[in-house]
Amino acid sequence: MAMVAVTTALLGFFAFVIMRVTTPQMTTLFTDLTAEDSSSIIKDLERQAIPFELRNEGAVIMVPKDKVTRLRMKLAEANLPKGGGVGYEIFDKSDALGTTSFVQNINHLRALEGELARTIRAIDRIQAARVHLVLPERPLFSRETPEPSASIVVRVRGSLEPQQIRAIRHVVASAVNGLKPQRVSIVDEGGRLLADGATKDADLAVGDERRTAYEKRMRNEVEAIVSSVVGQGRARVQLTADFDYNKVTQTSDKFDPEGRVLRSSQTREESAATAENTGQVTVNNELPGNQASGGAAARDQSKKSEETNNYEISRVTKTEVTEAGRVNRISVAVLVDGAYSKNEKGEMVYQDRSKEQLDRIATLVRSAIGFDQKRGDQVEVVNLRFAEAPSVPPVVEPGGLLGMLQFTKDDVMYVIELGVMMLLGLVVLFMVIRPLVKRILASEVVPVLPESTLPALVDGAAHEGGSGQALLPGSSAASQLIDVAQVQGQVHAQAVHRVGELAERNPNETASIVRQWLNEPAET
């Protein structure tokens, strides 16, 4: 029974080692799968008889590493995974002849929502997304068309940055005709409003985002340039920007008296002459060619000249529109740590930075932020000792043989696992199997007792036994103890068993017989 148990255990152990070694290394095929996509992919893998593993309640599927690329291309041919939504493939198998316009419009809306959800899921940190579009139709006899709107619910890993939220709004607005980014609302899985689609003013909607992005960008630039001087992790920068979100429109007219141009000119001249007659009024005097008989008459003449000139005066009309989002003032506070050096005992000693060095750092900060004194900008650089000296862990890059072969962490762990399995196999082989085999081989070699020794054993047992019992009971002791079955000297199993029992009962006599065998010279 012991031999059977040991053999079974060894067979099981080696079977486990062989199966573990021959099992292919599994890697991820797809992650974040829906129940529908996971079911379709599993059905396809079972049809192809490909081993797989399910993790995270079916959301992750593991397949052999050497088949990942081929399986992904094969599943992509079958439009898997679909992403948990309906896209434009809804029109692939539809019957267009018997479909009404209402159903076509609904299918188009579903397809558009599904495609937008797939596009949004492609963005980093977004696990799932649902899109709802409202595309109102223009009512009859209405002059105004209602604006479309959209609402998006996302499930994210961590939190989204402002530029990512703004990007989602613009992607959806650009894909839907007539939709404005301000009409897109975004909510996360916790019910927090990330973007408000009811805000009327676009500047107010993105004002805080612009200010936050500007402050972050300027802070990173200042911290990068200061850290290059004082050391990584030994500078803290806080930057505050005051923005003006008022939109100003200003119109001004300017007249130049020196820059005049003649537009039109009008000249008018008048002349008049009158004569006075002192004679009588007769028919003769009125006849033409009549000579005045009374002598020369006095004459009255008048002349009038008038000129009108119209000029155009130079006029400049200037309209200035100041967009919202102007920077009114920037305040920067920079806290730097001192310098550390080793003394004679090898201890780190803190030293304050000189005023000249702080002034140079302040000059660099002013240049980085575009300092404007008229605007009221303020920069403060203070040197104080940090509560705890920052420690920067060294970046260890893989080198040597590991870097040349470009082993990954999974490959290294797989090699270590194989090494441990081989080591355990060698330990079992040399510590268990080898002693067991030697014991079995030793038990099969049984010494053949010569015929002259058996009577001595019987006589010794009769004369030296303290109990007075015979070593071999019965008349024919030789036939009961040893039976030569073959020419090679093989001893019968029953006789060997009886010899063993006699040796246990009479240890002294057995020891004396063994000594006698040892003293006898070897036969040649």
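Numbers here are sequence positions counted from 1.
Looking at heavy atoms from C-beta onward, Val382 lies out of side-chain contact with Val334 at the 4.5 angstrom threshold. When side chains are defined from C-beta on, Leu135 counts as touching Pro148, because their heavy atoms get closer than 4.5 Å. Proximity of Ile41 to Leu75: side-chain heavy atoms (C-beta onward) are separated by under 4.5 Å at one or more points. Gln357 has its side chain within reach of Val229: a pair of non-hydrogen atoms, C-beta onward, lies under 4.5 Å apart. Looking only at side-chain heavy atoms (C-beta outward), Glu307 and Ser265 come within less than 4.5 Å of each other. For the pair Val230/Ile361, a side-chain contact is recorded, criterion being any heavy-atom separation below 4.5 Å from C-beta on. Within the 4.5 Å cutoff, side-chain heavy atoms of Ile126 are placed close to those of Ile168. With a 4.5 Å cut-off on side-chain heavy atoms, Ile61 and Phe30 do not count as touching.
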- Message: Working note: Thr317 + Arg315, criterion side chain to side chain contact (heavy atoms under 4.5 Å, CB included); need CA distance, chi angles, decisive distance, verdict.
- Response: CA-CA 7 Å; Thr317 302; Arg315 177 184 178 184; 3.8 Å; yes
- Task: Go through the steps to decide whether Glu223 and Arg236 satisfy the test salt bridge (charged side-chain N to carboxylate O under 4.0 Å, His left out), and finish with yes or no.
- Result: CA-CA 7 Å; Glu223 189 170 358; Arg236 299 292 184 269; 5.2 Å; no
- Message: Show, in sequence, the C-alpha distance, side-chain angles and deciding distance for Arg121 and Thr119, and conclude whether the side chain to side chain donor-acceptor pair (under 3.5 Å) test is met.
- Response: CA-CA 5 Å; Arg121 280 197 300 270; Thr119 304; over 6 Å; no
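Judged purely by atom type and a 3.5 angstrom limit, Ser142 has no side-chain atom pairing as donor or acceptor with the backbone of Pro139. Between the side chain of Arg70 and the main chain of Lys74, no donor-acceptor pair closer than 3.5 Å is present. Under the 3.5 Å distance criterion, the side-chain polar atoms of Asn383 are left unmatched by any main-chain donor or acceptor of Asp352. Asn220 contributes a side-chain N or O that, together with a main-chain N or O of Lys216, makes up a donor-acceptor pair within less than 3.5 Å. Counting only distance, with no hydrogens or angles, the side chain of Arg353 and the backbone of Asp337 share a donor-acceptor pair below 3.5 Å. Side chain of Asp377 to main chain of Gln373: no donor-acceptor pair is present (N/O by atom type, distance under 3.5 Å, no hydrogens or angles).
Under the 4.0 Å criterion applied to side-chain N and carboxylate O atoms, Lys342 and Glu347 are not assigned as salt-bridge partners. The existence of a salt bridge linking Asp188 and Arg155 is excluded, since no basic side-chain nitrogen approaches an acidic carboxylate oxygen closer than 4.0 Å. Under a 4.0 Å N-O distance rule, the pair Asp372/Lys374 does not qualify as a salt bridge. Taking 4.0 Å as the cut-off between side-chain N and carboxylate O, Arg211 and Glu215 count as a salt-bridged pair.
For the atom pair CD (Gln163) and OG1 (Thr212), the distance works out to 10.0 Å, reported to the nearest 0.5 Å. Taken from CZ in Arg130 to CD in Glu113, the straight-line distance is 8.5 Å, to the nearest 0.5 Å. Note that the CD atom of Gln378 and the CD1 atom of Ile369 stand 10.0 Å from one another [nearest 0.5 Å]. Here CG of Leu29 is found 9.5 Å from CE of Met62. Values are rounded to the nearest 0.5 Å. To the nearest 0.5 Å, atom CG of residue Asp66 and atom CG of residue Leu71 are 9.0 Å apart. Between Lys67 atom NZ and Thr27 atom OG1 the span is 14.0 Å, to the nearest 0.5 Å.
Heavy-atom neighbours of Arg55 CZ from other residues, nucleotides or ligands within 6.0 Å: at or below the threshold of 12. By the 6.0 Å contact criterion, CZ on Arg157 is enclosed, its count of non-hydrogen atoms from other residues, nucleotides or ligands being greater than 12. Other residues, nucleotides and ligands contribute only 12 or fewer heavy atoms inside 6.0 Å of the CZ atom of Arg110. Counting non-hydrogen atoms of other residues, nucleotides and ligands closer than 6.0 Å to CD of Glu144 gives a total of 12 or fewer. Heavy atoms from other residues, nucleotides or ligands lying under 6.0 Å from NE2 of His132 number more than 12. The environment of Asn177 atom CG is sparse: at most 12 non-hydrogen atoms of other residues, nucleotides or ligands sit within 6.0 angstrom. For Arg192, the CZ atom sits in a loose shell: 12 or fewer heavy atoms of surrounding residues, nucleotides or ligands are nearer than 6.0 Å. Residue Glu77 places its CD atom among 12 or fewer non-hydrogen atoms of other residues, nucleotides or ligands, all under 6.0 Å distant.
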Distance-only check: which donor-acceptor pairs under 3.5 Å involve side-chain atoms of residues 237-244, not counting sequence neighbours?
from	atom 1	to	atom 2	distance (Å)
Asp244	OD1	Asn246	N	3.1
Asp244	OD1	Asn246	ND2	3.1
Asp244	OD2	Arg326	NH2	2.3

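Listed by chain and number, the residues in a salt bridge (Lys or Arg N to Asp or Glu O under 4.0 Å) with Asp124 amount to none (sequence neighbours excluded). In this structure Lys43 satisfies the salt bridge (Lys or Arg N to Asp or Glu O under 4.0 Å) test with no other residue, sequence neighbours excluded. For Arg217, the salt bridge (Lys or Arg N to Asp or Glu O under 4.0 Å) partners two or more places apart in sequence, or in a different chain, are Glu221. Remark: Glu320 engages Lys318 in a salt bridge (Lys or Arg N to Asp or Glu O under 4.0 Å) (not counting sequence neighbours). Under the rule for a side chain to side chain donor-acceptor pair (under 3.5 Å), the partners of Arg360 that lie at least two apart in sequence or sit in another chain are Glu356.
Closest heavy-atom contact between Glu147 and Pro136: O-CG, 3.9 Å. Of all heavy-atom pairs spanning Phe386 and Val336, the tightest one is CE1-C, 4.1 Å. When all heavy atoms of Leu160 and Arg125 are compared, the pair lying nearest together is CD2-CB, 4.3 Å.
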